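All values derive from a computational prediction rather than experimental measurement. Whatever order the structure lists them in is the order used to number ligands and atoms, beginning at 1.
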Amino acid sequence: MRYLGNKRHLLGEIERAASGVGFRRGVVCDLFAGSGRVGRHFRASGSRVRATDLMACSHIFQKVFLELPGPPAFAMLRERIDLPSPVGAERVAAALPADADRWIPTRRALAHLEALAPVEGLLTRQYTPSGASPRMYLTEENAGRADAMLLELRRGLGAGDLTEPEGMLLLAAIIDAVDRVANISGTYGAFLKKWHSNALQPLELRLPATVEGPVGEANRRDACAWIDEVECDLLYIDPPYNQRQYAANYHLPDLVARIPFEPDLDALEDSIYGKTGLVPWKESASVLCSRRGTECRDAFASILERARAGAVVISYNEEGIITRDDFEEMLAAFAGVARSRLGKVLHEIPYRRFRSDADGRVSSLGAERSYRELPGRKRNEVHEWLFSVARSR
Ligand SMILES: C[S@@+](CC[C@H](N)C(=O)[O-])C[C@H]1O[C@@H](n2cnc3c(N)ncnc32)[C@H](O)[C@@H]1O
């Protein structure tokens, strides 16, 4: 799915940074897993990945990318339902192994979900123009089809027709499909006021790009607490770098991830509020997004102090809350060397800033963002930071 801060373009750089501090393969902890792409990459190259993130949608992707042992059989569902022909081979992610035939039961389960008639559920009532609070995130047709799929998952998991890994795999495909037709520009912090062409496409399920490798571990825990429970060869840390809370910007995929498991769907729906249909999130706001005093820096420093890891790689952005100076000080402490002996720990990667207002789309937020130009740089050029260091022996 489209995810802010997704490191899919930096996987090679991250791997180089890890091998630069002596890591080949072993146990990797990914503390801010997001889309799960980094963990998936390390799993594919033979590491056991343990990950966490506060977001429910991230948890589903972690489950599929890190824990799925192989293609599920969908035996119980097949027993109950005469599953239709599989969705086309073009819906299979390129990353899957050549023996993709083992995925035919999954492709048939996807076809079963796609064939369901639309129903009026939570997504239709809350995130389409026809709801009591009209919100233009999804067309009624796509929301109704997604509602039907989610209710079928809820039923299948409850009745034992689906195992947990099977349910997670289908759910990841639904989150991804809804994301592709969501009427947004960038994040879910606002919906567009006119339908974007993507949003008018029919909802289409694709097989998530799973990989094979050691079975890892998915979590939905606060990294600031979870760090005490883990030990690893490589710690990968990619926290938010500004005040934008993910919970307020990805509420719709998060809700989709929760619908099949939520004990009381009516209470969940009743809690939805505001112009963009937020779900109450302030209690789980991340301290890593805080600009209050030194809260953010202190939380990060505390993670590094408590980390039981042989080496660390950190992704951050030069426009972020924590300064380069602070990072170097924390990394010297982690490595157990004097700051003056730290050596080169930073690799800078230039990129073009993504601007959601660049193509003139108007959203429910209305206003355009203004960005500070950085001295000596091209327009919209910013640097991604990649710090890496090993503990001294
Ligand atoms: C920059 S994104 C990570 C992107 C990820 N590396 C990827 O490639 O998709 C930061 C993530 O940190 C998560 N997060 C923020 N505070 C957290 C916390 N205290 N514990 C766990 N996850 C947190 C957010 O939900 C978000 O998914």
Side-chain angles (χ1 to χ4, degrees), residues 1-15 17-18 28-44 49-62 64-66 172 175-176 179 186-189 208-209 217-230 234-254 257-258 279 281-291 295-304 306-307 312-322 349 351 354 382 384-386:
M1 71 176 276
R2 293 171 279 180
Y3 201 74
L4 188 69
N6 180 334
K7 295 298 176 294
R8 74 175 185 280
H9 298 302
L10 293 180
L11 295 172
E13 305 272 6
I14 293 168
E15 194 174 306
V28 176
C29 281
D30 182 359
L31 287 192
F32 300 87
S35 65
R37 300 292 286 266
V38 177
R40 182 179 79 181
H41 182 80
F42 279 110
R43 181 183 185 192
V49 182
R50 305 179 69 184
T52 192
D53 197 287
L54 290 174
M55 300 293 287
C57 56
S58 169
H59 189 223
I60 305 300
F61 287 108
Q62 293 171 47
V64 169
F65 294 152
L66 306 180
I175 299 170
D176 184 53
D179 185 58
T187 76
Y188 291 78
E217 183 190 317
N219 292 279
R220 192 180 168 203
R221 298 273 312 278
D222 188 332
C224 303
W226 190 64
I227 189 67
D228 289 324
E229 296 168 28
V230 290
L234 179 73
L235 184 63
Y236 177 64
I237 314 186
D238 181 18
Y241 67 87
N242 60 23
Q243 280 173 294
R244 272 215 257 184
Q245 294 277 355
Y246 279 76
N249 282 286
Y250 288 90
H251 57 296
L252 183 44
D254 226 46
R258 288 171 59 183
V279 181
W281 57 273
K282 291 204 171 140
E283 274 179 18
S284 55
S286 176
V287 66
L288 277 309
C289 297
S290 169
R291 280 199 186 272
E295 254 178 23
C296 171
R297 193 202 71 97
D298 294 349
F300 196 96
S302 164
I303 288 177
L304 270 188
R306 290 176 288 143
V312 64
V313 171
I314 300 168
S315 287
Y316 211 66
N317 185 291
E318 66 176 343
E319 295 185 309
I321 301 169
I322 306 176
I349 305 147
Y351 75 100
F354 169 74
V382 270
E384 185 78 37
W385 284 344
L386 210 48

* Could you please spell out the steps behind the side-chain contact (heavy atoms from CB on, under 4.5 Å) verdict for L31 and I303? => CA-CA 10 Å; L31 287 192; I303 288 177; 3.6 Å; yes

* Please walk me through it: do I314 and L386 pass side-chain contact (heavy atoms from CB on, under 4.5 Å)? -> CA-CA 6 Å; I314 300 168; L386 210 48; over 6 Å; no

* Please lay out, stage by stage, how D238 and K7 fare under the test salt bridge (charged side-chain N to carboxylate O under 4.0 Å, His left out). => CA-CA 9 Å; D238 181 18; K7 295 298 176 294; 3.0 Å; yes

* Candidate pair N249 and T187, rule side-chain hydrogen bond (donor to acceptor under 3.5 Å, both in side chains), full reasoning -> CA-CA 6 Å; N249 282 286; T187 76; 3.1 Å; yes

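With respect to atom 19 (N) of ligand 1, the closest heavy atom belonging to the protein is D222 OD1, 2.9 Å. Scanning all protein heavy atoms for the shortest distance to atom 22 (N) of ligand 1 gives L54 N, 3.3 Å. For atom 10 (C) of ligand 1, the nearest non-hydrogen atom of the protein is D238 O, 3.3 Å. For atom 2 (S) of ligand 1, the nearest non-hydrogen atom of the protein is Y246 OH, 3.3 Å. Looking from atom 11 (C) of ligand 1 to the surrounding protein, the closest heavy atom is D53 OD2, 3.5 Å. For atom 20 (N) of ligand 1, the closest heavy atom belonging to the protein is A223 N, 2.8 Å.
No donor-acceptor distance shorter than 3.5 angstrom exists from the side chain of R306 to the backbone of A301, with no hydrogens or angles considered. Between the D179 side chain and the M1 main chain, no donor and acceptor come within less than 3.5 Å of each other. Using a distance-only test at 3.5 Å, with no hydrogens or angles considered, no donor-acceptor pair links the side chain of Y246 to the main chain of A285. Of the possible polar contacts, one joining the R43 side chain to the F65 backbone as a donor-acceptor pair under 3.5 Å is found. Formation of a donor-acceptor pair under 3.5 Å by the N242 side chain with backbone atoms of R244 is found in this model. Checked by atom type and distance alone, the side chain of Y316 pairs as donor or acceptor with a backbone atom of I322 at under 3.5 Å.
Counting heavy atoms under 4.0 Å from ligand 1, residue R8 does not touch it at all. Here F32 has heavy atoms under 4.0 Å from ligand 1 in both its backbone and its side chain. Only the backbone of P239 comes within 4.0 Å of ligand 1, judged by heavy-atom distances.
Checked against a 3.5 angstrom limit, the closest N/O atoms of S35 and ligand 1 fall inside it. In terms of N/O distances under 3.5 Å, ligand 1 is not approached by P240. Between T52 and ligand 1, a contact under 3.5 Å exists for no N or O pair.
Ring-plane geometry between Y3 and Y250 is classed as tilted, the angle between the planes lying from 30 to 60 degrees on a 0 to 90 degree scale.
Near R221, meaning under 4.0 Å from one of its heavy atoms, ligand 1 places the atoms 20 (N), 21 (C). Close contacts between ligand 1 and A33 involve ligand atoms 5 (C), 7 (C), 9 (O) [criterion: under 4.0 Å to a heavy atom]. In summary, the atoms of ligand 1 found under 4.0 Å from a heavy atom of M55, numbered by their order in the structure, are 25 (O). Residue S286 has at least one heavy-atom neighbour below 4.0 Å for each of these atoms of ligand 1: 15 (C), 16 (N), 17 (C), 19 (N). For ligand 1, the atoms lying closer than 4.0 Å to a non-hydrogen atom of K7 are 7 (C), 8 (O).
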